[in-house]
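Down below is the structure, laid out as structure tokens.
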Amino acid sequence: MRPERRRNVGDAIFVDEVGIEFGVYGDFRLRSAYQPIFAPRGDTLHPVAVEGLIEPHRAGRPGSPRVFFEGVAAPDRLFVETMCRVLHLRNFHNIGVDRLDLFFNYNPLVNDHAGRALAEIRLMSRHLGELGLAPRMLVCEITEQAADDALLARLAREMRRDGIRIAIDDFGTGHSTEGRVSLLKPDIVKIDGGWFAQFCRHAAAERFFRPLVSSLHDRGAKVLVEGIEQSIHLRVALEAGVDLLQGFLLARPALAGTVFEEAPLVIDALLGLDNKIVPLFARTLHQRR
């Protein structure tokens with residue numbers, strides 16, 4: 001993929017005929033998609049947030065987000081990932097539903113300098129009001145745990161100062177650790193979907209998962225389980241008392257402008273879908289950007 005020469009993100013974002021914004025990078029059109037996140041309330045699951053994901057289109061056809069991001073030239077990574085965040089923020093109102101939070105991803109390693117990373121956060125925060133967004137509506141998922149601890153702590157303090165909440169992503173994979181939880185004191189810990197799917201293969205999954213959730217609650221964090229694709233995944237998560245759920249069993253990502261289904265989901269109906277087959281690995285969702 002050829003490097004993108006334009007450095008101004010605004011110059012690479014356009015508006016289609018129905019008011020949806022999209023980004024241009026080389027031959028690709030980058031479109032925002034949003035996957036609902038649910039909270040259990042009694043016998044039902046209610047949509048309370050969405051995660052912003054990117055769907056790359058080429059020649060009018062959607063492609064693999066993972067393949068797209070792997071093909072982005074290193075000098076362009078900051079440009080492209082910043083564009084993706086801007087798209088998610090600008091298109092958020094097109095969901096057409098009030099009272100939803102927005103999860104967005106942030107990879108500190110793309111910003112190879114602490115000052116540049118902090119400057120980007122400050123710039124984003126200053127423009128939220130222009131988009132009709134309040135900082136309390138936003139949850140920043142830190143997606144790369146190899147970054148320097150001191151940088152992560154500074155970024156977390158900066159975002160919290162502006163009212164943005166913090167989530168640690170991919171907990172359970174060995175990258176996100178309890179040490180990082182202690183350091184960052186996240187508002188939300190996101191359990192990795194692939195790891196969780198493998199965990200659910202064990203007969204005593206509910207009994208062993210509950211103490212982990214309780215430990216994270218004791219640290220002041222809510223727990224979100226992603227990759228809910230089988231009813232057994234949902235059952236284990238609910239039995240453990242998790243706070244938030246996300247996955248194909250509940251809802252798939254949908255492009256900005258798609259009619260958003262606000263109706264709560266009935267838990268018993270979802271649990272009744274169990275086909276007793278649990279895959280070794282969960283299917284790969286949209287690459288997060």
Side-chain angles (χ1 to χ4, degrees), residues 34-53 88 92 97-106 133-145 152-153 155-173 175-197 199-200 205-206 208-229 233-247 249-251 264-265 267 270 282 285 288:
Y34 299 94
Q35 184 172 28
I37 295 171
F38 296 82
R41 297 175 184 170
D43 297 330
T44 55
L45 302 178
H46 291 249
V48 295
V50 293
E51 180 178 5
L53 306 165
H88 298 330
F92 184 61
V97 178
D98 295 328
R99 301 178 303 279
L100 291 178
D101 294 331
L102 172 62
F103 284 62
F104 67 95
N105 306 126
Y106 188 85
L133 295 170
R136 67 178 181 277
M137 301 166 60
L138 303 182
V139 180
C140 176
E141 294 183 42
I142 297 177
T143 62
E144 175 53 69
Q145 295 304 306
L152 288 178
L155 289 171
R157 285 196 301 270
E158 186 78 19
M159 285 186 274
R160 281 208 177 87
R161 189 191 69 176
D162 291 331
I164 299 172
R165 285 171 289 163
I166 304 296
I168 286 182
D169 199 13
D170 297 333
F171 190 90
T173 62
H175 300 293
S176 299
T177 64
E178 292 192 12
R180 282 286 167 84
V181 173
S182 298
L183 172 71
L184 299 181
K185 298 179 174 56
D187 302 278
I188 297 167
V189 173
K190 192 169 189 178
I191 305 297
D192 179 75
W195 176 85
F196 185 69
F199 187 85
C200 287
E206 293 97 333
F208 290 117
F209 189 55
R210 190 178 301 116
L212 173 60
V213 174
S214 297
S215 173
L216 294 172
H217 282 163
D218 290 343
R219 293 170 180 263
K222 291 186 176 181
V223 178
L224 188 163
V225 175
E226 68 170 352
I228 301 291
E229 298 193 355
H233 303 162
L234 177 60
R235 179 178 294 109
V236 171
L238 291 174
E239 286 290 332
V242 305
D243 307 280
L244 299 165
L245 301 136
Q246 179 183 7
L249 179 69
L250 313 179
L265 305 177
I267 291 175
L270 294 168
L285 301 182
R288 299 193 194 93

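No experiment lies behind these values; they were computed from the predicted model shown. All residue numbers refer to positions in the sequence shown, counting from 1.
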For a 4.5 angstrom cut-off between non-hydrogen side-chain atoms, does [X] reach [Y]?
{"X": "Q35", "Y": "L250", "value": "no"}
{"X": "F103", "Y": "I188", "value": "yes"}
{"X": "I267", "Y": "L45", "value": "yes"}
{"X": "L224", "Y": "D243", "value": "no"}
{"X": "L270", "Y": "I228", "value": "no"}
{"X": "H233", "Y": "V225", "value": "no"}
{"X": "R165", "Y": "D101", "value": "yes"}
{"X": "K222", "Y": "V139", "value": "no"}

Pairwise distance [atom1]([X]) to [atom2]([Y]) - rounded to 0.5 angstrom:
{"X": "L138", "Y": "H88", "atom1": "CG", "atom2": "NE2", "value": "12.0 Å"}
{"X": "I142", "Y": "K190", "atom1": "CD1", "atom2": "NZ", "value": "13.0 Å"}
{"X": "F171", "Y": "L212", "atom1": "CZ", "atom2": "CG", "value": "5.5 Å"}
{"X": "F38", "Y": "H46", "atom1": "CZ", "atom2": "NE2", "value": "10.0 Å"}
{"X": "H217", "Y": "R210", "atom1": "NE2", "atom2": "CZ", "value": "12.5 Å"}
{"X": "L155", "Y": "R160", "atom1": "CG", "atom2": "CZ", "value": "11.5 Å"}

Which heavy atom of [X] sits nearest to which heavy atom of [Y], and what is that distance?
{"X": "T44", "Y": "P264", "answer": "CB-CB, 4.0 Å"}
{"X": "L183", "Y": "A153", "answer": "CD1-CB, 4.3 Å"}
{"X": "L238", "Y": "P40", "answer": "CD2-CB, 3.9 Å"}
{"X": "A221", "Y": "V189", "answer": "CB-CG2, 3.9 Å"}
{"X": "R219", "Y": "V181", "answer": "CD-CG1, 3.7 Å"}
{"X": "R180", "Y": "L152", "answer": "NH1-CD1, 3.2 Å"}

Practice item. For D162, check salt bridge (Lys or Arg N to Asp or Glu O under 4.0 Å) against everything at least two apart and list the hits. Key: none
Exercise for review: Assess whether side-chain contact (heavy atoms from CB on, under 4.5 Å) is satisfied between I191 and F209, documenting all intermediate values.
Suggested key: CA-CA 11 Å; I191 305 297; F209 189 55; 4.2 Å; yes
Practice item. Taking the six-membered ring for Trp and the full ring for Phe, Tyr or His, determine whether the centres of F199 and F208 are under 6.0 Å apart. Key: no
Review point. Is the number of heavy atoms from other residues, nucleotides or ligands under 6.0 Å of R136 CZ greater than 12?
Key: no
